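Beneath this line is the structure, given in structure tokens, with notes to follow.
Quantities reported herein were computed from a predicted structural model and do not represent experimental measurements.
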Amino acid sequence: MAANNRRMSGKKGAQVGSGGQRRRGLEGKGPTPPAEMRKGHAKQRAAQAKARRAQGRTTQRRGGRSASELVVGRNPVVEALRGGVPASTLYVQQFIDNDERVREALQLAADRGGINLMEAPRPELDRMTNGLNHQGLVLQVPPYEYAHPEDLVAAAHDEGEDPLIVALDGVTDPRNLGAVVRSVSAFGGHGVLVPERRAAGMTAGAWKTSAGTAARTPVARATNLTRALEAYKKASVLVVGLAADGEAELGDVEALDGPVVIVVGSEGKGLSRLVGETCDVRVRIPMPGGAESLNAGVAAGIVLYEAARRRS
């Protein structure tokens, strides 16, 4: 009997009342929050991207930094300094033959300011350059600070404009990247998107070809280009791919006056399969002269001009 009483003593009795739960359930959730505070809303994503830029945290994300680069040799160093390529240190070999190029490099570095001048013995420069023919001059280019893909769209919204972005698929020549950056700047675009792997990055060669426009035109880097394009589509940005066998001709695409990202493939292979399938429309550039293809810089410039003409 005692055991039976112990079993019954562990049972819970009936609960009296609702504890106020029913009353709280009838109170409602209050007014609808603004778009910037609603989870997953496009305006919230844009606001978050703007806050990240203001806090200086953009470079800590997947945009990230590139590795530092060395420009080696007298002519390349002088050309890089003439072209406005960012530089942190100019290394000069001890007891170097002081010819015209050496004097010009030293003068350009001094005139620009902010570039450290370091004298180093030849063995040290040999070690730094892995035995390349440096001719006594080595210029160190600091790591490039890539933007995040979302930041390009957010920058356009900040300016009250529809995004105009160029994405490069499989373009490996830094000079083509620099040319595209220059065209984007010339025609009022908001940035360039490149993949993280198997693609050209913002090297000294790209900086030089951009003719200084890389200082004001952001380049974003995506771990996966297809996913980045899909994210743009969710943000109501039309993805237009350039292809020789595109189903539409450039002059017939009216959507260029709205939010758009133009995807340019490599000259030989064009768009990759997955990227091509992600595009909302594939567009061809008419070429009456019979050329089979255009390089990325020229193709991007033609489409950007058409987009800028329609937006004016």
Side-chain angles (χ1 to χ4, degrees), residues 52-148 151 155 172-182 184-185 191-192 194 196-197 199-221:
R52 283 192 294 268
R53 291 199 308 279
Q55 295 173 9
R57 294 202 301 262
T58 301
T59 57
Q60 298 177 12
R61 302 173 57 204
R62 291 186 182 270
R65 286 174 174 259
S66 61
S68 60
E69 182 186 2
L70 296 178
V71 179
V72 176
R74 297 187 184 187
N75 284 337
V77 166
V78 170
E79 291 175 2
L81 289 170
R82 285 177 183 169
V85 175
S88 55
T89 306
L90 174 61
Y91 295 93
V92 183
Q93 181 182 313
Q94 289 177 339
F95 314 117
I96 190 175
D97 294 333
N98 195 8
D99 67 4
E100 183 178 349
R101 293 169 298 174
V102 173
R103 289 193 295 271
E104 184 177 1
L106 292 171
Q107 188 63 52
L108 288 168
D111 291 345
R112 186 191 295 186
I115 300 178
N116 299 316
L117 297 177
M118 300 288 293
E119 191 176 40
R122 182 183 180 90
E124 176 64 16
L125 296 183
D126 291 341
R127 184 194 63 78
M128 288 174 55
T129 62
N130 291 322
L132 295 177
N133 184 21
H134 51 74
Q135 300 174 305
L137 286 183
V138 177
L139 186 69
Q140 186 170 34
V141 178
Y144 180 79
E145 297 183 358
Y146 289 96
H148 187 276
D151 297 333
T172 57
D173 188 342
R175 293 170 297 182
N176 268 332
L177 172 57
V180 170
V181 170
R182 187 173 183 178
V184 168
S185 176
V192 180
V194 297
E196 187 174 309
R197 294 176 294 175
M202 284 304 298
T203 63
W207 267 98
K208 181 183 173 185
T209 309
S210 77
T213 58
R216 57 181 181 272
T217 303
V219 177
R221 189 166 61 177

Side chain to side chain donor-acceptor pair (under 3.5 Å) with [X]: which residues, sequence neighbours excluded?
X: Arg182; answer: none
X: Asn116; answer: none
X: Arg82; answer: Glu104
X: Asn133; answer: none

Requested in this report: Would you indicate whether Asp97, at its atom CG, is surrounded by more than 12 heavy atoms from other residues, nucleotides or ligands within a distance under 6.0 Å?
Outcome: no
Determine whether a donor-acceptor pair (N or O, by modelled atom type, separation under 3.5 Å) exists between the side chain of [X] and the backbone of [Y].
X: Tyr144; Y: Val219; value: yes
X: Tyr146; Y: Met202; value: yes
X: Arg122; Y: Gln94; value: no
X: Ser210; Y: Trp207; value: yes
X: Gln140; Y: Thr89; value: no

Side chain to side chain contact (heavy atoms under 4.5 Å, CB included) test vs Leu139 passes for just one of Val85, Val78, Leu90, namely Leu90
Given the options Val71, Val72, Val102, Leu137 meets side chain to side chain contact (heavy atoms under 4.5 Å, CB included) only with Val102
Within the 4.5 Å heavy-atom criterion, are Gln93 and Pro121 side-chain neighbours or not? no
Residues passing the salt bridge (Lys or Arg N to Asp or Glu O under 4.0 Å) test with Arg127, sequence neighbours excluded, are Glu124
Please name the pair of heavy atoms, one in [X] and one in [Y], separated by the smallest distance, quoted to 0.1 Å.
X: Val141; Y: Ala204; value: CG2-CB, 4.3 Å
X: Pro174; Y: Gly201; value: CB-O, 4.3 Å
X: Gly191; Y: Val184; value: N-CG1, 3.7 Å
X: Pro218; Y: Ala147; value: CB-CB, 4.3 Å

Please walk me through it: do Arg101 and Asn75 pass side chain to side chain contact (heavy atoms under 4.5 Å, CB included)? CA-CA 7 Å; Arg101 293 169 298 174; Asn75 284 337; 3.0 Å; yes
Notebook entry, point to check: Would you say the side-chain atoms of Gln107 and Asp111 include a donor-acceptor pair closer than 3.5 Å?
Noted result: yes
**OP:** Step by step, work out the side chain to side chain contact (heavy atoms under 4.5 Å, CB included) result for Leu81 and Ile115.
**Re:** CA-CA 10 Å; Leu81 289 170; Ile115 300 178; 4.0 Å; yes
Stepwise side chain to side chain contact (heavy atoms under 4.5 Å, CB included) test for Leu177 and Val194: CA-CA 9 Å; Leu177 172 57; Val194 297; 3.9 Å; yes
Which residues pass the side chain to side chain contact (heavy atoms under 4.5 Å, CB included) test with Arg175, not counting sequence neighbours?
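Once residues adjacent in sequence are excluded, the partners of Arg175 under the side chain to side chain contact (heavy atoms under 4.5 Å, CB included) criterion are Asp173, Thr209.
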When rounded to the nearest 0.5 Å, the distance separating NE2 of His134 from OG1 of Thr129 is 4.5 Å
| What do the steps show when you test Leu117 against Leu106 for side chain to side chain contact (heavy atoms under 4.5 Å, CB included), and what is the final call? | CA-CA 8 Å; Leu117 297 177; Leu106 292 171; 4.3 Å; yes
